[in-house]
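Only one structure is covered here, and it is reproduced in the block below.
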Amino acid sequence: MNKCDALIIGGGPAGSSCAWQLHRQGLDVIVMDKANFPRDKVCAGWITPAVVQALQLDIDDYASQLVLQPIMAFHTGLIDGGELVIHYTDTVSYGIRRCEFDNYLLRRSGARLMLGQPLMSLLKEGGEWIVNESISAPLVIGAGGHFCPVARFMGAKLGADEPVIAAKEIEFKMDQQQINECKVRGDTPELYFCRDLKGYGWCFRKGDYLNIGLGREGSHRLSEQLEYFCDFLKRRARIPKVTPDVFHGHAYLLHGHGARKQIDDGMLLVGDAAGLAYPQSGEGIRPAVESGLMAAAVILKSQGNYSCRQLLDYSARLVVRFGLPAAPGIAGTAPARNFIARMLLCNKMFTRHVLLDRWFLHANQPALQTA
């Protein structure tokens, strides 16, 4: 039997951040993931300076090996509507490729890795969790994303009665002709909102790589909306005339929009498994990292007592950090919503200080402090 102090199911930013902090404090940690890393992940792919600080990332070291695109502006608007470009004097975020970023964090964590191995069985015997009949741990951490098997074990009704965000995305390396035709700047991601305000599309250049995607409430007509968005980008000559058409799908739960159980005896959830994506933007990397670090802090404080009562501090920290928000919405008929949306998204003050600074960058919230 392979024994460890903590078993983490899922090697994304939430799981690797938790593993990194636990390993630094001397715990024997195993990270299990059904995928082999590096692996692709549906995500526009940017991290704020707050994430860099919380993870104590060496920016120069990272950039010397992998894609790290400084962001100093945003190009925003409505699909088929007006557009704005908002400039900043400093770097407000960094573009990353998730296949690189996730692999970097996972390898850096120092945890023992069991990759390409799905969770097949989970049983409790004498205060220990027995996983796949071969691993024994007093604590199991679910970090496997929206469809995390640990979340399912804890009672989550995956795909049923949960108001999810569905997204499709593609990231590809451009050839020389595509590079010549692409008008998207690396330091200026482009965000275009659906006219019904139920989602938005993005276009993000990272060196020679281009990332295009769209996310919406629910999956109804997602492919149709995505096709229209790509046609819009081509009509406005923002992206190359010829681009790949095989998009990858993903789903996630917004924080405050579901009722997933986050803790149980010897068990807790982090990141998308816990449903922590920001409700205003759908962004999940920062909540994933911060929840992983907060979980690690509570685990270390518990000193081996992983009862549900002892782990309540983790749930309390999530509320303090993320609150219980609701996604911003605009009431009224569709024409009224569209009119208000056009007015707000054409206003530079609103776009910079509310849409970008508060909803997307969360610049008003200090970085999470870690030991």
Side-chain angles (χ1 to χ4, degrees), residues 1-39 41 54-55 98 101-124 128-154 156 260-276 284-285 287-302 304 306 308 310-311 314-315 317-318 370:
M1 188 69 68
N2 199 347
K3 295 182 178 293
C4 63
D5 296 319
L7 174 63
I8 299 176
I9 307 298
S16 59
S17 298
C18 186
W20 171 69
Q21 190 72 329
L22 293 177
H23 176 75
R24 291 173 73 206
Q25 300 302 320
L27 270 66
D28 179 19
V29 182
I30 292 177
V31 177
M32 173 187 289
D33 198 294
K34 65 181 180 180
N36 286 300
F37 282 60
R39 55 91 173 97
K41 175 71 174 180
L55 288 174
R98 284 294 300 274
F101 181 71
D102 291 15
N103 188 53
Y104 179 89
L105 293 185
L106 186 58
R107 307 295 176 181
R108 188 192 73 149
S109 72
R112 290 192 279 154
L113 306 181
M114 301 183 68
L115 305 179
Q117 300 188 41
L119 175 64
M120 301 297 293
S121 63
L122 181 60
L123 300 170
K124 193 75 170 286
E128 293 277 314
W129 290 105
I130 308 300
V131 176
N132 291 358
E133 301 181 349
S134 61
I135 306 169
S136 173
L139 177 67
V140 171
I141 300 161
H146 178 68
F147 297 103
C148 180
V150 180
R152 182 184 292 111
F153 184 88
M154 293 174 63
R260 285 196 176 182
K261 189 177 183 180
Q262 296 163 336
I263 60 171
D264 206 337
D265 289 330
M267 190 171 282
L268 58 80
L269 302 178
V270 294
D272 280 350
L276 297 179
I285 295 180
V289 167
E290 292 186 346
S291 65
L293 295 174
M294 286 188 285
V298 172
I299 291 166
L300 293 167
K301 181 182 174 184
S302 298
Y306 304 131
C308 188
Q310 191 71 21
L311 295 177
Y314 171 63
S315 292
R317 294 187 188 209
L318 291 180
T370 55

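- Interatomic distance, Gln262 CD to Leu268 CG, rounded to the nearest 0.5 Å: 9.5 Å.
- With hydrogens and angles ignored, the 3.5 Å screen pairs no side-chain donor or acceptor of Arg108 with any backbone N or O of Trp20.
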**OP:** Any chance you could lay out the side-chain contact (heavy atoms from CB on, under 4.5 Å) test for Met120 and Val131, step after step, and finish with the verdict?
**Re:** CA-CA 7 Å; Met120 301 297 293; Val131 176; over 6 Å; no

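- Here the closest non-hydrogen pair linking Asp265 and Cys308 is OD1-N, 2.5 Å.
- Taking a cutoff of 4.0 Å between a charged side-chain nitrogen and a carboxylate oxygen, Arg112 and Asp28 qualify as a salt bridge.
- For Lys301, the NZ atom counts as loosely surrounded, since its 6.0 Å shell holds 12 or fewer non-hydrogen atoms of other residues, nucleotides or ligands.
- Under the 3.5 Å distance criterion, the side-chain polar atoms of Thr370 are matched with a main-chain donor or acceptor of Ala54.
- A donor-acceptor pair is defined here as one N or O able to donate and one able to accept, closer than 3.5 Å; no such pair exists between the side chain of Ser17 and the backbone of Ala14.
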Subject >> CA sep, side-chain torsions, deciding dist, call: Asp264, Phe153, side-chain contact (heavy atoms from CB on, under 4.5 Å) >> reply: CA-CA 11 Å; Asp264 206 337; Phe153 184 88; over 6 Å; no

**OP:** Evaluate the criterion side-chain contact (heavy atoms from CB on, under 4.5 Å) for residue pair Lys34 and Leu115; output intermediate values, then yes/no.
**Re:** CA-CA 6 Å; Lys34 65 181 180 180; Leu115 305 179; over 6 Å; no

Original post:
Where do Tyr306 and Trp129 land on the ring pair (Phe, Tyr, Trp, His ring centres under 6.0 Å) test, with the steps shown first?
Top reply: CA-CA 12 Å; Tyr306 304 131; Trp129 290 105; over 10 Å; no

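- Using modelled atom types, no side-chain atom of Asn132 and backbone atom of Ser134 make a donor-acceptor pair closer than 3.5 Å.
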Subject >> Residues Met267, Lys261; criterion side-chain contact (heavy atoms from CB on, under 4.5 Å); working and verdict >> reply: CA-CA 10 Å; Met267 190 171 282; Lys261 189 177 183 180; over 6 Å; no

